[in-house]
There are 2 protein chains.
Amino acid sequence: MSISLEKNRSTVNTISVMIVEDDKRTREMHVATLNGVEDVDCVGAYESAEDAFKGLAKDIPTVLLMDIGLPGMSGIEAVRKIKEEYPTIEILMLTVYDDDEKIFNSICAGASGYILKNAKKDELIESIRGILHGAPMSPLIARRLLNLIREKTTPQEELLTLSPRERKILELLVEGLSEKKIGEKLFISPLTVHTHIKNIYAKLHVHSRAAAISKAVKNKLL
Amino acid sequence: MSISLEKNRSTVNTISVMIVEDDKRTREMHVATLNGVEDVDCVGAYESAEDAFKGLAKDIPTVLLMDIGLPGMSGIEAVRKIKEEYPTIEILMLTVYDDDEKIFNSICAGASGYILKNAKKDELIESIRGILHGAPMSPLIARRLLNLIREKTTPQEELLTLSPRERKILELLVEGLSEKKIGEKLFISPLTVHTHIKNIYAKLHVHSRAAAISKAVKNKLL
DNA sequence: AGAAAAATACCCTAATCAGGGTATTGTATC
DNA sequence: GATACAATACCCTGATTAGGGTATTTTTCT
């Protein structure tokens, strides 16, 4: 009976975890932490994304702990590839730096959660359990993510100094129209369009259509 | 002694809350809930954003509960204006619908958190306390937000058909570099760059740099 | 080893753009 | 009624781009 119970624990209710982390000490510490928990099973510990791919061919874990700053293929790149091939794996990013930009990019790449490397044992285990129950990040990180989204979607000053006509023309530039087409669309001379565009460049401090468009799209998104 | 303790509670540690919600029943229910908690003080309950602005001229609450679907000025619009004038107020959005797009837009407008209208009493109180301690949303909503970000930033099919070199060149186009500059940067002939760009246009089904850039930026942001 | 994909390089021409001007008209705002 | 700004229109020139080719080398995958 006790055997069947034991078997149950390790096959049915066990969370299998794989870790990818280049720093040996950190890696081994986490492996020890994981194996110290009854219903968690560490099925692999690798020092690079490349090695992890080999490991994934054998074992597909429930949760993958991924260092964000790996040598060779970066953790973010790795997430993208792993999620493509094994979309069901929940990926939890590990990092020493709490770099907002990296949090954001990891999430875009497909990471489900995020935890600081210096997290305590309990926090690590709780994050792993949390990710499986829809709680993908610590409250603090959630707050930072909100701020980041807000920044990324707030138009900048520069765009606000444009006159209504200039904004309209910039909008059409973004759609990919030529000066001639814009003139036709707005019933004005292409030469006038040209003048407006020159003024737009001056206000946005750019010297090419390309730069103007990417600035416009990046700064108001949506 | 007990008096000074009481005073402490209601002036130093009290969380002042204002609510803006057009549905009378819901509004009064929440007011009752709030006033049922010792260290929470409801300083105003309004049925429209316009009324709330008048209220804000008198009392500035710590936390503002804002219905997302108000008649007149929408909750999202209201958040934008309120945050502009009173940036320290923490705003918690209330809604019956769990509309991903609205969550996202509220956050962009400046909301710090989000709670469903049918939340239980305890959940409401916990969300209010949570927002003040950096926990801006329920785990479930955090998860949905992640998915939403991912969707919004996932490149489309077309961008994925580009070769690595083509992607790199597109990236430099987005930065506003000319063909010549790109050639210099990548140590290849500008003629080669030209060839790559032609291939990029073909794959993206566009016929101008402008269209390519706006497609690139819109489809992967960043 | 051989096929396929990617990256490289070049030629050509018409079209478009960038940036430097100047100038007129209407509409606010003070 | 003066000043400021937005919108309109034009001239000019050199630089850049778009789109049509062809062709070789390198990488990658089988």
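By convention in this document, chain letters (A, B, ...) are assigned in the order of the sequence lines, proteins followed by strands, and residues within each chain are numbered from 1.
- In this structure, of C/dC10, C/dA18, C/dA7, it is C/dA18 that holds the atom nearest to the side chain of A/I197.
- Spacing between atom CG of B/L170 and atom P of C/dA6 amounts to 16 Å, rounded to whole angstrom units.
- Taking the charged nitrogens against the carboxylate oxygens, B/K181 and B/E184 have no contact shorter than 4.0 Å, which rules out a salt bridge.
- The side chain to side chain contact (heavy atoms under 4.5 Å, CB included) test with A/I15 is passed by exactly one of A/I125, A/V63, A/V37: A/V63.
- One interatomic measurement links the two molecules: CG of B/L191 to P of C/dT8, which rounds to 13 Å at whole-angstrom precision.
- A sub-4.0 Å separation between OP1 or OP2 of D/dG19 and a side-chain N or O of B/Y201 is absent.
- If you check every strand for non-hydrogen atoms under 4.0 Å, A/H207 touches sugar and phosphate atoms only.
- B/T192 comes within 4.0 angstrom of a nucleotide base, judged by non-hydrogen atoms across all strands.
- One can place CD1 of B/I182 at 11 Å from P of D/dA18, the figure rounded to the nearest angstrom.
- Distances shown here put a side-chain N or O of B/S189 below 4.0 Å from the OP1 or OP2 atom of C/dC10.
- Taking atom CD on B/E166 and atom P on C/dA6, their separation rounds to 7 Å, with Å as the unit.
- Between the CD atom of A/E179 and the C1' atom of C/dT16 there is a distance of 7 Å, given to the nearest Å.
- Rounding to whole angstrom units, CG of residue A/L186 and P of D/dA9 are separated by 11 Å.
- OP1 or OP2 of C/dC17 lies within a sub-4.0 Å distance of a side-chain N or O belonging to A/R209.
- Base contact: B/H194 has a heavy atom under 4.0 Å from a base atom.
- In this structure, CD1 of A/I169 is placed 11 Å from P of D/dA9, rounded to the nearest angstrom.
- Remark: the B/T195 side chain and the C/dC10 base include a donor-acceptor N/O pair separated by less than 3.5 Å.
- Using a 4.5 Å heavy-atom cutoff, the side chains of A/I68 and A/Y114 are in contact.
- Picking from D/dG20, D/dT8, C/dT16 the nucleotide with the shortest atom distance to the side chain of B/K198 gives D/dG20.
- Between B/D67 and B/K117 there is a salt bridge, with a side-chain nitrogen of the basic residue lying less than 4.0 Å from a carboxylate oxygen of the acidic one.
- As judged by a 4.0 angstrom heavy-atom cut-off over every strand, B/I188 is placed among residues touching the sugar-phosphate backbone only.
- Side-chain contact between A/V17 and A/P61: absent, with no pair of heavy atoms (C-beta onward) separated by less than 4.5 Å.
- Taking atom CG on A/N199 and atom P on C/dG20, their separation rounds to 12 Å, with Å as the unit.
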